[in-house]
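Data block below; observations after.
Just so it is clear, the structure is predicted and the values come from calculations on it, not from any experiment.
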There are 2 protein chains.
Amino acid sequence: MTTINDVARAAGVSVSTVSRALRGLDRVSPQTRARVAQAATELRYVASPTASSLASGRTRAVAVVFPFLTRWFFATLISGIEQTLRRHDHHVLLIALEGESFGTRLRLSRSMLWKRVDGVIVLATSLDGQEQAVIDNLGLPVVTNGNRIDGWSCVRIDDEEAMRLAVRHLLDLGHTEVAYVGARPDASAYPRIPQDRARAFAETLGASGVSCQPEWMVESDWTGPGAARDIMPVLTGPSRPTAVVAASDEMALGVMGAARRLRLAIPGDLSVVGVDDHVLSSALGLTTVRQDVLHQGRRTGEVLMRQLTGEDVAVVDEVMPVRLVVRESTAPPARR
Amino acid sequence: MTTINDVARAAGVSVSTVSRALRGLDRVSPQTRARVAQAATELRYVASPTASSLASGRTRAVAVVFPFLTRWFFATLISGIEQTLRRHDHHVLLIALEGESFGTRLRLSRSMLWKRVDGVIVLATSLDGQEQAVIDNLGLPVVTNGNRIDGWSCVRIDDEEAMRLAVRHLLDLGHTEVAYVGARPDASAYPRIPQDRARAFAETLGASGVSCQPEWMVESDWTGPGAARDIMPVLTGPSRPTAVVAASDEMALGVMGAARRLRLAIPGDLSVVGVDDHVLSSALGLTTVRQDVLHQGRRTGEVLMRQLTGEDVAVVDEVMPVRLVVRESTAPPARR
DNA sequence: TTGAAAGCGTTACCAC
DNA sequence: GTGGTAACGCTTTCAA
């Protein structure tokens, strides 16, 4: 339990000098700095983070608020965030909003964040006005990924463009019978993303004079098993689409599973396209609209760090690129 | 910025009484407690966690050390841990050991944990003796998931049994030409798990008088794309196995992808079985040896909390159950 | 049952 | 450049 006092004594200087020297502040002579550094090393001194937090008011931690950790998208995003925060010597404080039972979720409260963190990152999470106020009242920098909320910086993709790329790809192949698996509004996940994607799906189709029957637009839960279950009625219905677009790759892979179960060949009987470029998509040959989720996480962390350091305090809205990656799950429709 | 002093003043008591009352300690009269509670609520008082940590020496945080966050297994495990820690009013401090470039990783150092946490959880991570000493010197409770290290509690599955179930299933179906995709020793991941699984694979086969050619035991990297790439030579070789078992579902799904690319029917031309029960396995019809990863995470958290509260300080080795789940990726071998 | 006061280990301000 | 010394906001004896 060596403290700053021990180091000061060993180096023959005052604690204030030790503090300054070790943190690399100026107004310390090179000789003194060296002496302090050596004493600290010899004593294996590590400053107590709680003590410095209390004294400085800074915690070197950032809260990351999210609905699910088990979904690939969020795990990857958080991984990217963690990487950049670590580089800046900051920590991630996980704030999972997932509730004990399905459909419920925790409310974000003042006590979850108060005096705990220097900044907040919110990941595609649906927050009500009260929860937004909780964050705003903290007076900390905030960056979101996905949520577009006035006054908060945001890193995201253009959801409508992503969906347009997917649909146009199918239209270009000649498909006119296209179904859609999106996500229903949910207590946790930010609703605008599925809304934007669903709207862009219908509009892009419509712009080419193709209409989509309402029964072919199903709302699922962002998961593979969910999508497999929810697309079933469409695939077993009286008339069957020649293609399905899913709002995420996890759901698209679920659709591929449902097709397999029905002995529908992909892409012979059914084309499938998703959004994300999930880690398994390349191996399984899923055509998708790729976004670089890891990089997006890193970028989100960087935007927050800039606000923290005061380097760049402006509220930003960064739109990351997406691009179509054609693999083996899409082909022209079979003639019937 | 209301502090404990403000509450004390408002309630007309001393700060010590406020502290005791708010933390639910005894030796506080019901009336006083009520008065304090009301004052705290009115002032919207939340105690500063850093201040209480400094004073008490407890941080109410637990370090979770792991090699990757992006892999489903770890994300799910951490999610389970987070759920139980939250219930006990504790936080997760993420310690990712993944390095900047592939194959490298961070070394666990004293400064990452010192005075930051009350306990440590290590997830299937390969730590050298020095790193183990770092943790031991902290004098904190430790629980691992997967790592079996003397003196540390462990929650895990029986890796050999899991593999035996997978192999016996294939033997029962009549397969005698079976290949294996495991994981090569790696800077980050605990090596014993792939070792146990690989050995059990070979031994179970051998016990039935079936031998496996060395070229059919490939070492991959736990990922789907990696397994798809690494199994290719086996599937395109002069003689082809009738079944593949993979050490994880992510890799098994990669194998299924490789088979699809080669136009091998599953299970007609090739049976595939994995271990884990990945979230996508049911949708994609993968036969697997299931382990309940989320529950394992919760359990790991509980074991740590018991040590923290002193409820149960014994070093435990908890072996969680596994079971075979037969789906559509396995069938008897085709006659040739 | 309550209160006074001494820490806890830093940082940051102000002299020197 | 360097040192002294109040904070920082709690918890925890110890006395009353």
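Under 4.0 Å is where a charged nitrogen must lie from a carboxylate oxygen, and between B:Arg156 and B:Asp317 at least one such pair does. For the pair B:Arg35 and B:Glu42, the salt-bridge criterion is not met [side-chain N within less than 4.0 Å of a carboxylate O]. Electrostatic pairing of A:Arg298 and A:Glu318 does not count as a salt bridge here, judged by no charged N lying under 4.0 Å from a carboxylate O.
Shortest non-hydrogen contact noted between A:Tyr190 and A:Gly146 is CE2-O, 3.4 Å.
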I'd like a list of close polar pairs between nucleotides 10-13 of chain D and the protein, N/O only, cut-off under 3.5 Å.
unit_1, atom_1, unit_2, atom_2, d
D:dC10, OP1, B:Tyr45, OH, 3.0
D:dC10, OP2, B:Ile4, N, 2.8
D:dC10, O5', B:Tyr45, OH, 2.9
D:dT11, OP2, B:Ser19, OG, 2.4
D:dT12, OP1, B:Arg58, NH2, 2.9
D:dT12, OP2, B:Arg23, NH1, 3.0

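Between chain A and DNA chain C, the heavy-atom contact criterion of under 4.0 Å yields a 5' to 3' nucleotide range of C:dG9 to C:dA12.
In this structure, CZ on B:Arg44 lies 9.5 Å from OG1 on B:Thr2, to the nearest 0.5 angstrom.
Looking only at atom types and distance, the side chain of B:Thr76 has no donor-acceptor partner in the side chain of B:Ser79 under 3.5 Å away. Residues A:Thr50 and A:Ser53 have side chains that never bring a donor and an acceptor to within less than 3.5 angstrom of each other. A side-chain donor-acceptor contact under 3.5 Å links A:Gln130 and A:Arg107. Side-chain atoms of B:Asp186 and B:Trp222 form no donor-acceptor pair, as typed in the model, at a separation below 3.5 Å. With no hydrogens or angles considered, no side-chain donor-acceptor pair links B:Arg33 and B:Ser29 at under 3.5 Å.
In this structure, B:Thr32 reaches the sugar-phosphate backbone alone: every heavy-atom distance under 4.0 Å involves primed, P, OP1 or OP2 atoms, never a base.
Of the two residues contacting DNA chain C, namely B:Lys115 and B:Arg35, the nearest-nucleotide position lying further toward the 5' end is that of B:Arg35.
A heavy atom lying under 4.0 Å from DNA chain C marks the following residues of residues 6-14 of chain B, by number: B:Val13, B:Ser14.
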